[in-house]
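Here's the structure, in structure tokens; my notes come after.
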Amino acid sequence: MRTCSSPISGRALTPAPARSASPPQWNPHLRAEYLALFTEGILPPPDPDLVFQSMTLEWYASVWDEKEAPWIAINPGTPCEAFLPAGTPQARALWRQHADGRDSGGCGHAHPHDQLRGLWVSGPLQGPVAHGLACGALLFVHNGELWNSMAHHGNGYNNAKRRLKKWWGVTSREEWASTQKRLLDADMVSPVWEFALGIRRSLAQDFAGEAEQVADCPQSCC
């Protein structure tokens, strides 16, 4: 589990509605505006009208200008919220120091790849929902994402679109919905996997002893 201090060295996602960027908000205690950023474990469930873009703190420091809000808020409204000054080059240089060399996976985001990451709070750890989410755990481990997050947003909206296009040829909502239906109907099962599972079943039937039987696994589980 990543701690609440990880936004300094990790990725943050800012809400970006489909038609407009997220506006700054007013904080009466600071008497100033701030831009809200959230770490992946704090994000709300996906919503049709709200998407999240994933950027590193280093990226924000590189594109920020003096007209932006003078503060950023990491996970505002939560017990681990943190406000960081953003109005001066010196403050943004500090962000860079914390962010330097933190991209451990080569994907532009500061999270470890090929490691099991999950949520101890707000994510199912046992029961049928956890078992269902665990079907995709291999991909989550490879991508360095939280395997049991019910509010999974991947690497952000634009990155998710690029990934869908590259690996699935999906470029529209209609194609995405069709692909999801085919996966749930087990209509995209690789014949290679079917062949391997068939051999395993035959071996289990032909040889006595303890041989684990496995059910057919659609592509959505592998």
Side-chain angles (χ1 to χ4, degrees), residues 10-23 25 35-56 59-60 63 75 103 105-114 116-119 122-124 127-198 214-222:
R11 62 176 180 168
L13 296 90
T14 179
R19 291 187 174 86
S20 63
S22 176
Q25 303 177 48
L35 180 68
L37 305 178
F38 300 91
T39 53
E40 56 190 328
I42 300 294
L43 291 176
D47 182 275
D49 299 318
L50 184 66
V51 298
F52 288 81
Q53 300 286 17
S54 177
M55 301 296 176
T56 63
W59 179 88
Y60 281 105
V63 302
N75 299 329
D103 177 14
C107 65
H109 298 287
H111 56 250
H113 284 232
D114 298 318
L116 181 63
R117 301 179 60 229
L119 296 174
S122 78
V129 175
H131 291 165
L133 292 173
C135 286
L138 289 177
L139 278 176
F140 281 93
V141 169
H142 178 69
N143 293 326
E145 298 171 356
L146 302 171
W147 73 269
N148 65 338
S149 173
M150 298 298 292
H152 176 65
H153 292 265
N155 279 341
Y157 180 71
N158 286 341
N159 289 322
K161 287 176 61 178
R162 285 190 288 268
R163 184 185 294 179
L164 286 171
K165 181 179 180 180
K166 178 180 180 180
W167 295 106
W168 295 91
V170 171
T171 58
S172 68
R173 184 182 187 280
E174 291 73 22
E175 291 175 349
W176 177 84
S178 174
T179 300
Q180 287 286 313
K181 185 177 186 304
R182 292 185 62 192
L183 287 169
L184 291 172
D185 292 341
D187 190 30
M188 299 182 75
V189 179
S190 167
V192 176
W193 299 339
E194 284 288 306
F195 177 73
L197 289 173
V214 295
D216 289 340
C217 180
Q219 186 172 351
S220 59
C221 293
C222 299

Check: Hey, does the side chain of E40 reach the backbone of E145 with a donor-acceptor pair shorter than 3.5 angstrom?
Finding: no
Item checked: Side chain proximity check, L35 to Q25, heavy atoms < 4.5 angstrom -> no
Margin query: Which residues pass the side chain to side chain donor-acceptor pair (under 3.5 Å) test with E175, not counting sequence neighbours?
Written below: T171
Next item on the list: Without swapping roles, check the side chain of N75 against the backbone of T39 for a donor-acceptor pair under 3.5 Å.
Entry: yes
Checklist line | Inter-residue atom distance L138.CG - N143.CG, 0.5 Å rounding | finding: 11.0 Å
Notebook entry, point to check: What distance do S178 atom OG and R173 atom CZ have between them, rounded to the nearest 0.5 Å?
Noted result: 12.0 Å
Next item on the list: Answer whether the closest heavy-atom distance between the side chains of W176 and L164 falls below 4.5 Å.
Entry: yes
Checklist line | Results of ring-ring contact (aromatic ring centres under 6.0 Å, His included) for Y157 - residues two or more places apart only | finding: none
Margin query: Which residues pass the side chain to side chain donor-acceptor pair (under 3.5 Å) test with K165, not counting sequence neighbours?
Written below: none
Item checked: Between N159 and S54: side-chain donor-acceptor atoms closer than 3.5 Å -> no
Notebook entry, point to check: Within a strict 4.5 Å, meaning less than it, do heavy atoms of the L37 and F52 side chains meet?
Noted result: no
Margin query: Given 3.5 Å as the limit, does a donor-acceptor pair link the side chain of R182 with the main chain of M188, or not?
Written below: no
